[in-house]
Amino acid sequence: MTLIPYSINRKDVWDAFVQESKNGTFLLQRNFMDYHSDRFFDCSLLVYDGVSPDDEYKESRMTTKDLVAVFPANYDEHTKCVYSHQGLTYGGLIVLPEVTQMEVLAIMQEVLCYYRDYMQVVKVFYKPIPYIYSAYPSDEDLYALFRAGAQLKRRLVSTAINQHNTLKMRTLRTRQAKKAVDHGCYLGHISENDEAGLLEFWNLLEDVLMTHHNSKPVHTYQEIQLLMSLFPKNIKVYVVWHEDHIVAGTVIFESRQVAHVQYIAAGDEGREYGALDLLFKHLINERYKQMEYLDMGTSNENDGQFLNEGLIFQKEGFGGRAVCYDTYEIDLHNSQIDKMTGNVRSVQSETVKYLDLKLVNEKFEPELSSEVTRVVRSGWYLLGKENERFSKLFADYCGSRYCVPVGNGLEALALILLAYKEMLGWKDGDEVIVPSNTYIATILSVTYAGLKPVLCEPHLQDYLMDATLIEPLITAKTRVILPVHLYGRVCDMDAINAIAQKHGLKVVEDVAQAHGVRYKGRMAGNLCDAAGISFYPGKNLGALGDAGCVTTNDEELARIVRTMANYGSSEKYINEYKGRNSRMDEIQAAVLCVKLPFLDNDNERRREIARMYDEGIVNPLITKPVVAQNAEENVYHIYPVRCPKRDELAEYLKQKDIQTVVHYPVPPHLQRAYKEWNNEKFRISERIHREILSLPISPVMTEGQVKRVIEALNAFTAMV
């Protein structure tokens with residue numbers, strides 16, 4: 001069984017399944033659900049059968065016939081709760097008619113465990129679809145809820161009329177209907193184009209609700225008008241007129257074999273004449289005679305806390321009977337969930353991936369796919385509004401005055417250095433002090449700019465550039481200090497900036513691995529003269545391809561970087577500098593705009609995982625990273641440990657289905673690309689690169705996976 005998060009490219013598959021299912025309705029089709037997307041974060045799931053979860057290419061082999069269920073749901077990130085389904089009258093597991101009880105149990109277990117393990121959801125609020133919406137019994141999910149230890153949280157009571165087995169309408173209701181006709185009342189239907197009629201009814205509805213129930217409609221007039229235009233075949237408004245004005249009416253959502261009443265209203269005149277009796281007599285005996293049910297809506301007041309007995313009495317007068325709309329609360333920390341099908345569920349056989357990028361990006365669906373589609377359809381792909389929007393958002397996030405999007409992180413650093421050469425008259429061969437244990441892209445940027453990298457050893461404790469070793473490296477040719485916030489931890493910027501100021505040097509920070517890290521309250525990207533940033537897909541804030549940016553408070557620097565990144569041109573075909581082509585495309589800018597608001601929460605999740613590692617790993621063979629004095633000084637892009645038997649440890653974890661990565665196996669000075677350094681010694685860097693191992697860490701990693709890693713590490717033994 002495989003669960004795939006809903007995304008916009010799966011819309012047709014979803015809707016086709018809802019049509020074939022035994023309990024799906026138009027309210028659960030994507031056009032209606034997506035109407036609420038501005039208010040809710042969709043985390044709906046599609047459940048496929050007969051596909052191995054270890055198959056990396058599983059989606060390409062999935063077909064519609066493999067789809068066995070869909071689960072409509074929304075996520076509240078503040079409470080970490082999932083609702084099935086906010087914005088709708090009801091929601092729940094949607095299955096095929098031939099589904100069995102055991103299949104529903106297994107599906108519900110997988111769904112609940114997905115939200116618990118991959119999204120760290122704490123509770124699911126489940127609203128089963130009432131039986132009246134199905135031609136088949138729909139109690140399988142109720143049994144599954146019982147097995148999951150669910151608790152009844154809320155009950156709303158509706159009144160439904162069985163159109164195939166109608167009860168006799170009470171004499172009072174019949175008399176009232178005749179009274180309405182005798183007083184000149186007549187029936188009407190408001191179309192989606194009748195703005196005046198709809199507004200008149202809505203004003204009546206709002207007045208009645210406020211006067212008699214001290215409440216107001218869930219929808220506004222503008223919303224119901226939009227809904228009627230979007231779903232003219234499903235949403236209808238029926239009214240009763242007297243002379244030239246509306247005295248009563250109701251909104252009906254037509255869904256397969258059920259007509260569902262959303263709002264009922266009658267003014268003083270309508271109540272006196274029995275206008276609603278006339279209306280519902282018509283709906284029951286004529287308009288919806290061929291339907292299975294007419295559901296007259298819930299009769300609870302004050303958010304469900306008590307029943308309106310008058311409404312119930314009136315509705316039952318038409319031959320209706322009670323139908324309950326229940327909401328169940330499922331505590332996902334309840335151990336019963338792992339035992340729902342009778343066998344204890346185990347995830348020990350699943351691979352703990354170092355970084356599951358697919359799962360990371362699915363967190364942002366369907367908005368991510370929707371934004372990509374929007375940009376593709378816009379016809380504008382470079383240097384457009386998406387770049388402008390991201391520039392402003394990211395500059396504001398960092399607290400810098402300027403953000404210039406570019407092609408990638410390497411070019412971001414190189415463009416800063418090239419711009420300074422233009423501004424300050426630096427010469428080829430001038431020197432830039434860089435860490436000796438960074439990723440080689442940092443050093444390549446210096447070379448690309450025609451400058452000379454000078455390597456500075458790091459601290460062994462935090463792997464960051466050792467500020468006490470910088471001054472001995474400064475010469476008459478030194479122009480820049482380039483610290484790297486390696487692995488997500490911020491450097492000692494006060495010490496580095498003080499040295500730079502003393503010697504008249506520029507400071508350029510490499511923030512590729514430290515999006516969102518703070519130093520004494522200030523954000524990286526705004527800690528010195530300028531910053532180069534990468535948005536490679538695996539970064540804390542990752543694009544869907546290569547992308548980067550430059551941040552600075554220097555207006556002239558920003559202007560030159562922007563110009564040089566566009567062939568040295570700020571005006572088409574006029575080239576001011578010997579520039580290059582380094583531009584963030586519009587799709588990547590739009591993607592980053594979607595992801596940026598979630599960066600701080602994702603970083604906090606990384607810190608939580610790091611704390612679990614810090615507290616749980618006790619093996620003396622493994623050296624954990626030193627914890628920063630302030631939590632905000634590390635965003636744990638990487639959780640690096642050291643071990644004198646690093647390769648043995650990596651192989652041991654591989655056998656345990658735990659992926660690791662070495663960042664980085666060969667230090668820059670021993671690379672063939674810089675063979676002029678191959679005979680030099682940087683002992684601290686060499687030791688780090690010889691012993692370092694990166695453990696799995698990402699916002700989608702589950703606590704169970706973290707515990708597996710910790711248990712495996714603590715069980716590791718080796719001869720040293």
Side-chain angles (χ1 to χ4, degrees), residues 130 132 155-190 200-201 204-215 217 236-254 257-302 304-325:
I132 67 170
R155 170 160 285 177
L156 297 178
V157 179
S158 180
T159 305
I161 297 167
N162 186 335
Q163 294 288 67
H164 289 181
N165 187 22
T166 55
L167 300 177
K168 185 178 179 181
M169 191 178 297
R170 288 182 181 172
T171 304
L172 175 62
R173 302 274 72 91
T174 305
R175 288 176 178 172
Q176 287 289 90
K178 184 177 183 301
K179 179 181 178 182
V181 173
D182 292 344
H183 280 83
C185 294
Y186 58 96
L187 299 166
H189 167 244
I190 296 177
E200 182 179 351
F201 169 69
L204 172 68
L205 172 67
E206 290 179 333
D207 181 61
V208 169
L209 288 178
M210 182 57 65
T211 302
H212 297 280
H213 307 287
N214 193 30
S215 64
K236 307 290 176 61
V237 178
Y238 297 98
V239 296
V240 178
W241 294 81
H242 183 256
E243 296 179 349
D244 60 348
H245 58 280
I246 296 172
V247 295
T250 186
V251 179
I252 304 286
F253 280 20
E254 296 179 6
Q257 295 303 307
V258 180
H260 187 92
V261 176
Q262 292 294 102
Y263 298 108
I264 306 173
D268 293 339
E269 191 176 357
R271 282 192 295 278
E272 180 183 352
Y273 295 154
L276 285 177
D277 297 273
L278 174 64
L279 176 59
F280 278 99
K281 184 174 182 293
H282 166 73
L283 296 177
I284 295 166
N285 293 339
E286 297 177 41
R287 176 64 192 175
Y288 293 119
K289 187 176 182 179
Q290 303 305 317
M291 286 237 175
E292 296 281 347
Y293 290 92
L294 175 67
D295 186 341
M296 302 183 74
T298 59
S299 303
N300 298 67
E301 302 278 346
N302 196 19
Q305 292 188 27
F306 64 88
L307 290 170
N308 185 319
E309 294 181 1
L311 273 178
I312 294 175
F313 177 78
Q314 183 183 41
K315 292 174 184 177
E316 288 184 345
F318 294 104
R321 289 295 180 264
V323 174
C324 293
Y325 288 82

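Just so we're clear, the structure is a prediction, and the values are computed from it rather than from any experiment.
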Exercise. Check whether any side-chain heavy atom of Val323 sits under 4.5 Å from a side-chain heavy atom of Arg321, and report yes or no.
Key: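 Heavy-atom side-chain distance check fails, nothing below 4.5 Å.
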When rounded to the nearest 0.5 angstrom, what is the spacing between [atom1] in [X] and [atom2] in [Y]?
| X | Y | atom1 | atom2 | value |
| --- | --- | --- | --- | --- |
| Gln176 | Thr171 | CD | OG1 | 12.0 Å |
| Phe280 | Tyr288 | CZ | OH | 10.0 Å |
| Glu286 | Lys281 | CD | NZ | 7.0 Å |
| Lys168 | Arg173 | NZ | CZ | 14.5 Å |
| Glu243 | Cys185 | CD | SG | 9.0 Å |
| His189 | Lys236 | NE2 | NZ | 5.5 Å |

Quiz item: Taking all atoms of both residues into account, what is the closest heavy-atom pair of Leu204 and Ala248, and its distance?
Solution: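 Taking every non-hydrogen atom into account, CD2-N, 3.9 Å.
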Self-check item: Taking every non-hydrogen atom, the tightest pair across Phe201 and Ala265
Solution: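 Phe201 and Ala265 have their closest heavy atoms at CE1-CB, 4.3 Å.
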Quiz item: Hey, are Glu272 and His183 close enough side-chain-wise for a donor-acceptor pair under 3.5 Å?
Solution: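 Checked: His183/Glu272 side chains show no N/O donor-acceptor pair below 3.5 Å.
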Quiz item: Of Thr159, Ile252, Val251, which is the lone residue that meets side-chain contact (heavy atoms from CB on, under 4.5 Å) with Val261?
Solution: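 Considering Thr159, Ile252, Val251, a side-chain contact (heavy atoms from CB on, under 4.5 Å) with Val261 is found only for Ile252.
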Quiz item: Between His260 and Tyr325, how do the two ring planes meet: parallel, tilted or perpendicular, split at 30° and 60°?
Solution: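 Correct class here is perpendicular.
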Quiz item: Within the distance-only criterion (no hydrogens, no angle test), does the side chain of Thr298 pair as donor or acceptor with the backbone N or O of Ser158 below 3.5 angstrom?
Solution: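 Between the backbone of Ser158 and the side chain of Thr298 there is no qualifying donor-acceptor contact (under 3.5 Å).
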Quiz prompt | N/O donor-acceptor pair under 3.5 Å between Gln163 side chain and Ile284 backbone | solution =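 Flag set: sc Gln163 to bb Ile284 pair under 3.5 Å.
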Quiz item: Quick one: do Asp268 and Arg271 make a salt bridge, cutoff under 4.0 Å?
Solution: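 The answer is yes: the pair qualifies as a salt bridge.
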Practice problem: Test side chain to side chain contact (heavy atoms under 4.5 Å, CB included) on Val258 and Phe253 and set out the steps. | Solution: CA-CA 8 Å; Val258 180; Phe253 280 20; over 6 Å; no
